[in-house]
Amino acid sequence: MQIKVLGSGCSKCHATIAMIERVAKDQGAEVEVIKVEDHDTILGYGVSATPAVVIDGRAVHSGGLPSHAEVRAWLTPAAQAPGFLTQATRHLFFTGKGGVGKTSLSTAAALTLADGGKKVLLVSTDAASNLDEMLGVELRNSPTPVPGAPGLSVLNIDPDTAAESYRQRVLAQMGTGASDTELSTVREQLSGACTTEIASFDEFAALLSDKDGRFDHIVFDTAPTGHTLRLLSLPKAWSGFLDGNDRGASCLGPHSGLKMQEERFKAALEALSDPAQTTVILVTRPDKGAINEAAHTSAELHELGLHNQRLAINGVFHASERSDAVARAIEDLGQQALDAMPATLRALPQDRVLLRAFDTVGLPALRALLTPDAGPIAPRTTSAVEARSQLLGLDALADELAAAGHGLIMVMGKGGVGKTTVAAALALGLVARGKTVHLSTTDPAAHLASTLAGDVAGLNVSRINPKVETQRYIDKIMAARSPKLDAAEQALLLEDLKSPCTEEVAVFHAFSRIVSEGRSAFVVLDTAPTGHSMLLMDATGAYHRQMMREFEGPGAARVVTPLMRLQDGTYTKIILVTLPEATPVSQAAALQDDLRRAGIEPYAWVLNKSVLAAGTRDPLLAARLAGERKQMERMAHGLARRLFTLPWLTVPPIGFAELSRLVAKASNAPAGSD
């Protein structure tokens, strides 16, 4: 597209050209900007004020700077829906770093397809799903119609329900001749986290291998990246494990019954690998960390044979007023992240979704999210929003935690809310207060290294690496049991240990080791997103019950399990991190309820990315404040026993200096977000 900017070459003319080029780059539009300074030529277009803009021989603007909305309209000749809708395959997977908007985009996509007359099933594979709140319908383990959306049904692969169904199928295979003792033994073997994963995967594979055509499209709202990559790798992993395994089940444990599902797993793998059937939409935001994770995910998906990928950039923001420091920083940081996008991602088909001023809760908001001509909300106010200096920051939280002298600090929450930033900052704050600290993560995606951006004296940093821990666990078991087994039995044991199930057990053992370190020092644990962490909690509970059975009697008093340490408020401090929006707060509240059912009481909440605490006069950001105030009142009146707040940052909280500012004693410096 050729665009002419008419003017004398003044600063406003240059600013107009820069704006057009910036918006064109942001939208992926190819433009050629021509400067016209000849006075007679300018008069020939009939304009009376400059700078003026001419497209296709017609003056579309004259006098003063154009707005971002005007420029976007010029570069979008016809409203177009995102490519993942116009080129929708039967299976659509939305995946990405936590907090990038997978649930919003996947739900809006499913709703739009259904509104277009298609039969659509929206499936959540996230144990911490909030689809029920967004759609106003109770989630079940079977397709449930969504009121107000003909043609759309929703299904949640609930791990507990799936596990119980799987147990019943395995027990049924034992026949009527099995004794009560045998049935009880097998049920106990099928009570762990490994069985939960197998059962959830079994439900997932059934959807992919379904060929009855009941639904035109199946849209998957997945868990955050690390957990999703494991889920998508399971068809290949289990198919490889079962290939040539004629024993059917290697034991009466979790693997029982897998052989009969082998054809289903192979069909699932074929469906995932077929670009005519499956598209993976990598969802990201204009954020360096989210974009880098999308690039990493893209490479891993290619290795798994999933080549039909698209990139969806959600929450693209344009400052309405460049003089607003907060708004300008948000736009500039986003643009810098997009400019630095790896070539592998840049090569993918791309869709961009603008930041909205509303929460995507309810059908009207979800329908508006992907409407091409639904631009940013009209300004509600142009008055500046004052910073709330009276809100407590991470410095105050670090002071409280340091008073204990030692213990476990677990930072938990939904993906993308800022757990890694909060965990790293608190660890540095404790080091600055003279404490010995071990900072670790259970997140498969592991962002600690990039957040810290270097080594810190006095801080031990580690990661529970699933592959490393699995091999360590296998070596340990083989070394302990091999001396009592012959060669054939050793081979059989090794084969069992190579099942995908072993990873869950190995990660739990590593988690238990780190938890115990809090007896003599501080351990700060950056946990995986909620769903994955709750599976780890389930494993912790199962291990506790097993230990209590094995050590019944006088010896039980000397047993201290990881669960008992987590339940001890003097030993463990749970920090819940959330964002000032309806859905993240509800998710944090649900996580708190789950923890309380396990006898674990959260110590404090951290509200991240607060616009209210930062202060802004940008119309779109200001329009979001009513919702933020409502959520802050909600937390203050019963949800959070202690509440600490981090505002939006004009500088990313990466590296020792910026993270340390968040927890510096008596500091009035702004805190951060990731």
Side-chain angles (χ1 to χ4, degrees), residues 288-289 325-326 329-330 333 386-413 417-441 447-461 518 521-526 573-580 603-616 632 640-674:
K288 181 180 178 181
V326 174
I330 294 173
L333 288 172
E386 73 284 356
R388 296 287 296 276
S389 58
Q390 71 270 29
L391 298 173
L392 293 175
L394 277 193
D395 56 331
L397 178 55
D399 285 340
E400 288 190 19
L401 295 174
H406 66 89
L408 172 67
I409 299 166
M410 287 184 69
V411 183
M412 302 184 71
V417 295
K419 297 185 302 297
T420 301
T421 292
V422 172
L426 288 176
L428 291 178
L430 291 170
V431 169
R433 288 159 177 78
K435 308 301 179 182
T436 301
V437 182
H438 179 185
L439 173 61
S440 188
T441 180
H447 305 292
L448 271 182
S450 59
T451 301
L452 282 169
D455 296 331
V456 177
L459 178 64
N460 174 30
V461 181
F522 275 106
V523 175
V524 179
L525 200 57
D526 169 34
K573 303 291 191 300
I574 303 290
I575 311 299
L576 299 184
V577 185
T578 189
L579 299 176
Y603 179 80
W605 285 42
V606 173
L607 179 66
N608 194 18
K609 294 186 178 179
S610 170
V611 176
L612 182 63
T616 181
M632 292 186 74
R641 295 173 60 188
R642 296 173 181 83
L643 180 61
F644 301 86
T645 305
L646 302 184
W648 273 99
L649 268 189
T650 56
V651 178
I654 296 174
F656 175 82
E658 292 304 323
L659 287 168
S660 295
R661 290 180 66 231
L662 312 187
V663 288
K665 286 189 175 184
S667 170
N668 293 320
S673 55
D674 65 349

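What you are looking at is a predicted structure, and each value in this text was computed from that prediction instead of being measured.
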Notebook entry, point to check: Is the Lys NZ or Arg CZ of K573 less than 6.0 Å from the centre of Y603's six-membered ring, within 45° of the axis?
Noted result: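 Cation-pi check for K573 and Y603: passes.
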
- request: Step by step, work out the side chain to side chain contact (heavy atoms under 4.5 Å, CB included) result for D395 and L662.
  value: CA-CA 6 Å; D395 56 331; L662 312 187; over 6 Å; no

Partners passing side-chain hydrogen bond (donor to acceptor under 3.5 Å, both in side chains) against S610 (at least two apart in sequence or in another chain):
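Once residues adjacent in sequence are excluded, the partners of S610 under the side-chain hydrogen bond (donor to acceptor under 3.5 Å, both in side chains) criterion are E628.
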
- Message: Does any part of the side chain of N460, heavy atoms only, come nearer than 4.5 Å to the side chain of V437, both counted from C-beta?
- Response: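 Contact flag for V437/N460 side chains = no.
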
Closest approach of [X] and [Y], non-hydrogen atoms and distance?
X	Y	value
I409	F522	CD1-CD2, 3.9 Å
T645	P647	O-CD, 4.1 Å
R433	V663	NH2-O, 2.9 Å

Just jot down the side chain to side chain contact (heavy atoms under 4.5 Å, CB included) partners of [X], sequence neighbours excluded, or say none.
X	answer
A432	none
A396	L392, F644
L333	Q336, P652

message: Closer than 3.5 angstrom, by distance alone: can the side chain of D526 be matched with the main-chain N or O of A423 as a donor-acceptor pair?
response: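 No.
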
- Backbone N/O of V523 and side chain of H438: donor-acceptor pair under 3.5 Å: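 Checked: no pair found.
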
Residue K288 excluded, over 12 heavy atoms near NZ under 6.0 Å:
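Count not over threshold, so no.
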
Quiz item: How far apart are the C-alpha atoms of L607 and M632, what are their side-chain angles, what is the distance that settles it, and do they pass the side chain to side chain contact (heavy atoms under 4.5 Å, CB included) test?
Solution: CA-CA 8 Å; L607 179 66; M632 292 186 74; 3.6 Å; yes

Evaluate the criterion side chain to side chain contact (heavy atoms under 4.5 Å, CB included) for residue pair L576 and V606; output intermediate values, then yes/no.
CA-CA 6 Å; L576 299 184; V606 173; over 6 Å; no

Pairs in or reaching into residues 642-654: which pass salt bridge (charged side-chain N to carboxylate O under 4.0 Å, His left out), with residues at least two apart or in two chains?
->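 Non-adjacent pairs meeting salt bridge (charged side-chain N to carboxylate O under 4.0 Å, His left out): E400-R642.
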
Assess the residue pair V411 and V577 against the criterion (side chain to side chain contact (heavy atoms under 4.5 Å, CB included)); give the C-alpha distance rounded to whole Å, side-chain angles, the decisive distance to 0.1 Å, and a yes or no.
CA-CA 7 Å; V411 183; V577 185; 3.5 Å; yes

